[in-house]
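None of the values given here were measured: they were computed from a predicted structure. To find a chain, count down the sequence lines: A is the first, B the second, and so on, and within it residues start at 1.
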2 protein chains.
Amino acid sequence: MESRIERIKKQLHNANYKLTPQREATVRVLLEHEEAHLSAEDVYLLVKEKAPEIGLATVYRTLELLTELKVVDKINFGDGVSRFDLRQEGAAHFHHHLVCIECGAVDEIQEDLLGDVEQIVEDRWNFQIKDHRLTFHGICWRCSGEAAEDAERT
Amino acid sequence: MESRIERIKKQLHNANYKLTPQREATVRVLLEHEEAHLSAEDVYLLVKEKAPEIGLATVYRTLELLTELKVVDKINFGDGVSRFDLRQEGAAHFHHHLVCIECGAVDEIQEDLLGDVEQIVEDRWNFQIKDHRLTFHGICWRCSGEAAEDAERT
DNA sequence: TTTTGTGCAAAGTATTTGCAGCGAA
DNA sequence: TTCGCTGCAAATACTTTGCACAAAA
């Protein structure tokens, strides 16, 4: 079977771009940290471990390119930085996120929960949906578990 | 009946803050541009028309304060700036947005369409939802209308 | 040789912070 | 007088850009 990186290489070629060593290193970092929601700086530091000559600007340019090709999605959780998430292969839509306001953890929901809602929006607002962003802010199971334990102790 | 600005004043006082002239001017600008999704810079320029002495830093500080008090919600549509939306009084949740990728218009959906989805997330992921952000990117009715007209002409 | 991609440094934006002065309590 | 608030300027943080050079087609 064809590897994920091979398929990304083809996507680049189809759009007339090359998979240069720098781009490959960047993509590999993203593949190795699938659910990490890395910022450009995070990616840069990780890529630098394997390919120390790489420049930060190249990482930014690569991430921008991958965003254009919809290999990754760019997302912003409200701290000042953009984060980059690999899109699941074949996923019609970007996945959802759960951001914990206690511990800062970000969990992913791969299932598409918006089918019905999107139908309503398309019909009622006459809006052709191409993409979406859905993020819930609240308290994750780890933190509410801890709170329960704390209560028990007292 | 008590005015909206009066109620905001009370909210400030309850949290031990004053409604200074600068803060009042800022709030008034927000009230007068309810659906405009203003950036801090936008607010600053509008406030300056009424109160030219005001500084940009004060606007940033005021918007931060209002965000803390949940008078406004801070949102980011993926261009590098934060935008500030007055929260509807009594609204349990932040409203949703439709961002047009053709013309850049941002429309609001005040209805809460996420009730069922939130129930699923709370149950299935054991996550206590406190707030949400939902934005659809696509083509608005104005732009798809124009496209249809363009097609007719040819 | 033409084009594409890269690293570095500089430039841009957006936002935050330090600080001296001001004004209300 | 005290303390919160402000304006200004400087600092910071993130991202983009210009440019000379390198690599690939």
* **Minimal non-hydrogen separation, A:Ser39 against A:Arg83, with atom names** => N-NH1, 3.9 Å

* Asked: Less than 4.5 Å apart, any side-chain heavy atom of A:Phe84 and any of A:Leu38?
  -> no

* To do: Could you check how far CD of B:Glu53 sits from P of D:dC5, rounded to whole Å?
  => 18 Å

* To do: Assign a letter to each nucleotide of nucleotides 17-25 of chain D from its 5' end: B, base within under 4.0 Å of a protein heavy atom; S, sugar-phosphate only; -, no contact.
  => BB------S

* To do: Give me the ring orientation class for A:His37 and A:Phe77: parallel if the planes are under 30° apart, tilted from 30 to 60°, perpendicular past 60°.
  => perpendicular

* Asked: How long is the line joining CG of B:Leu56 and C1' of D:dC5, in whole Å?
  -> 16 Å

* B:Asp79 CG - D:dC14 P separation (whole Å) -> 18 Å

* To do: Using whole Å, report how far CG of A:Leu65 lies from C1' of D:dT15.
  => 16 Å

* Asked: Of A:Val27, A:Thr20, A:Leu65, which is the lone residue that meets side chain to side chain contact (heavy atoms under 4.5 Å, CB included) with A:Leu12?
  -> A:Leu65

* Think B:Thr20 has a side-chain N or O under 4.0 angstrom from the OP1 or OP2 of D:dG4? -> no

* Asked: Between atom CG in A:Asp42 and atom C1' in D:dT15, what is the gap in whole Å?
  -> 15 Å

* **Closest contact, heavy atoms only, B:Thr26 versus B:Val47** => CA-CG2, 3.8 Å

* Just checking A:Ser39: base, sugar-phosphate only, or nothing, at a heavy-atom cut-off of under 4.0 Å? -> nothing

* Taking atom P of D:dG7 as reference, at what distance in whole Å does atom OH of B:Tyr44 sit? -> 9 Å

* Could you list where the contact with chain A starts and ends along DNA chain C, reading 5' to 3', using a 4.0 Å heavy-atom cut-off? => C:dT4 to C:dC8

* Asked: Would you say B:Leu69 and B:Asn14 make side-chain contact, with heavy atoms under 4.5 Å?
  -> no

* Asked: Are a donor atom and an acceptor atom from the side chains of A:His95 and A:Gln88 found within less than 3.5 Å of each other?
  -> no

